[in-house]
Amino acid sequence: MAGYLQPEDVLEEPEGKKPRDLRSVLVTSVLNLEPLDKDLFRGSHHWVPVTKRLFGGQIVGQALVAAASSVPEEENVHSLHCYFVRAGDPDIPVLYQVERTRDGRSFSVRSVKAVQGGVPILTCQASFHRNQESPLKHQFTMPTVPFPEDLLTREELIHKYLKNPKLVERHRQGLTKILAQDVPIEIKPVNPPDMYQRVPQEPRQMFWVRAKGIIGPGDMKLHCCVAAYISDYSFLGTAALPHLNLRMAFMASLDHSMWFHAPFRADDWMLYECESHWAGNSRGLVHGRLWRRDGVLAVTCAQEGVFHVREDPPKSKL
């Protein structure tokens with residue numbers, strides 16, 4: 001499942017300089033697992049969030065790479081269900097152990113365990129299906145939103161915020177740290193709120209998203225793995241939008257599920273529609289839909305996470 005390097009994927013540099021590879025780092029590094037034995041792989045890390053824990057989307061994407069490597073070429077993933085059982089340590093490699101649970105005529109099932117230090121940090125089950133045409137078809141209608149060409153990237157929005165002379169210094173420092181992160185994803189929010197108004201909103205957000213760099217038409221399995229990586233980014237935060245007046249002490253994903261409906265390219269813009277129907281008992285549930293720009297529903301996602309609110313110390317009566 002290595003990325004396919006085409007002549008147009010390399011930018012010619014002046015004589016004496018090495019040609020610049022335009023392929024997505026998700027293909028060349030993050031999702032390019034090292035095979036150690038049959039059904040055993042080792043993954044490397046690229047971007048680590050400010051939490052200093054491994055990004056959940058990376059672990060899900062790498063687990064799917066491992067699972068997909070053991071199924072026939074004509075089978076593509078149609079669903080996966082993962083549980084995050086421990087926080088990932090960015091200083092330790094992750095091993096992926098694949099169990100060939102079932103091989104049928106139309107469906108294959110794989111179980112994957114992501115392991116660090118001898119203990120699992122994620123368990124994943126993925127099911128693969130041979131394409132079978134059917135007259136039974138329907139889908140929701142894609143929301144009407146501006147196209148990505150008419151919107152600002154997250155980085156452009158941050159630069160806009162930084163020009164505000166009234167911006168509080170700690171917020172300025174926080175935005176500068178965000179700009180310094182090497183996230184391999186491009187995002188263009190639809191109707192972005194002021195990042196530091198902290199005004200509660202409806203638990204719904206939409207943004208255009210794609211992988212940075214070139215992946216190319218290549219292997220649909222690879223695009224599904226990239227989508228698995230992308231799908232976890234900014235997803236769980238949807239459940240916190242009605243509670244921006246609260247101070248979050250801790251937020252983490254508990255599980256992650258995906259259903260793949262139609263072919264797509266993860267290096268093309270897709271609309272990510274995210275909404276949270278419920279939160280309570282220190283947990284929140286989020287649903288998401290990834291739409292191709294031609295209106296086809298490509299992927300559906302669901303995730304539950306845990307939320308701990310920071311309680312301010314009681315004020316002194318003196």
Side-chain angles (χ1 to χ4, degrees), residues 45 47-61 63 81-92 94 113-117 119-124 154 158 168-178 180-181 183 185 187 189 192-207 228-258 272-288 301-316:
H45 316 317
W47 168 67
V48 178
V50 293
T51 59
K52 303 303 180 184
R53 301 189 301 267
L54 283 182
F55 174 50
Q58 173 191 302
I59 308 171
V60 174
H81 306 278
C82 303
Y83 282 96
F84 300 101
V85 293
R86 290 179 179 83
D89 185 342
D91 296 325
I92 303 175
V94 181
K113 188 183 295 183
V115 177
Q116 280 189 320
V119 295
I121 62 172
L122 171 135
T123 61
C124 175
R154 186 189 63 162
I158 290 176
V168 178
E169 181 58 29
R170 64 186 178 91
H171 292 164
R172 187 178 299 276
Q173 293 176 2
L175 288 172
T176 303
K177 287 181 180 179
I178 293 175
Q181 295 179 11
V183 183
I185 304 170
I187 287 179
D194 189 322
M195 294 183 69
Y196 287 102
Q197 283 291 335
R198 311 307 294 173
V199 177
Q201 313 165 37
E202 287 294 314
R204 191 167 191 259
Q205 63 173 334
M206 290 186 287
F207 48 89
Y229 184 101
I230 289 173
S231 66
D232 189 42
Y233 193 77
S234 294
F235 191 31
L236 187 59
T238 310
L241 292 177
H243 313 287
L244 295 179
N245 56 319
L246 301 177
R247 298 173 62 198
M248 291 293 172
F250 178 77
M251 181 173 70
S253 305
L254 294 172
D255 55 30
H256 192 81
S257 295
M258 301 180 71
Y272 202 3
E273 179 189 11
C274 308
E275 55 192 4
S276 174
H277 300 139
W278 174 88
N281 297 324
S282 296
R283 304 192 315 277
L285 182 64
V286 184
H287 291 90
C301 311
Q303 184 176 96
E304 189 177 38
V306 60
F307 296 83
H308 289 169
V309 176
R310 189 186 307 277
E311 295 186 7
D312 293 325
K315 294 181 180 180
S316 173

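When reading the values below, keep in mind they use all heavy atoms of this one structure, side chains included, and skip hydrogens, waters and symmetry mates.
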With sequence neighbours left out, the residues meeting side chain to side chain donor-acceptor pair (under 3.5 Å) with Gln116 are none
* Asked: Okay, side chain of Ser282, backbone of His308: is any donor-acceptor separation there less than 3.5 Å?
  -> no
Interatomic distance, CG@Asp255 vs CZ@Arg283, rounded to 0.5 Å, equals 9.5 Å
Exercise. For Arg86 and Leu122, indicate whether the former's side chain and the latter's backbone hold a donor-acceptor pair under 3.5 Å.
Key: no
Per side-chain contact (heavy atoms from CB on, under 4.5 Å), Leu241 is matched among Glu202, Gln205, Arg204 by Gln205
What one should report as the nearest heavy-atom pair of Ala114 and Ile59 is CB-CG2, 3.9 Å
dist Cys124:SG -> Phe84:CZ (nearest 0.5 Å) comes out at 9.0 Å
### Message
Counting C-beta onward and ignoring hydrogens, is there a side-chain heavy-atom pair between Tyr233 and Val183 closer than 4.5 Å?
### Response
yes
Query raised in the report: Should Met258 and Ser231 count as side-chain neighbours, where that means a heavy-atom distance under 4.5 Å?
Result: yes
With sequence neighbours left out, the residues meeting ring pair (Phe, Tyr, Trp, His ring centres under 6.0 Å) with Tyr272 are Phe207, Phe235
Main-chain N/O of His287 paired to His277 side chain as donor or acceptor, under 3.5 Å:
no
Point to revise | Side-chain touch Met251/Val306, heavy atoms, less than 4.5 angstrom | key: no
By side chain to side chain donor-acceptor pair (under 3.5 Å), Gln303 pairs with (sequence neighbours left out) Asp232, Ser253, His256
For Val286 and Ala239 the tightest heavy-atom approach is CG2-CB, 3.9 Å
Here the gap from Ile121 atom CD1 to Arg53 atom CZ, rounded to the nearest 0.5 Å, amounts to 12.0 Å
To the nearest 0.5 Å, atom CD1 of Ile230 lies from atom CD1 of Ile185 at 5.5 Å
To the nearest 0.5 Å, atom OG1 of Thr238 lies from atom CE of Met206 at 11.5 Å
- Query: Just by modelled atom types, is the Asp91 backbone N or O under 3.5 Å from a matching donor or acceptor in the Asp89 side chain?
  - Reply: yes
request  = State, yes or no, whether a side-chain contact exists between Phe250 and Val309 at a heavy-atom distance under 4.5 Å.
outcome  = no
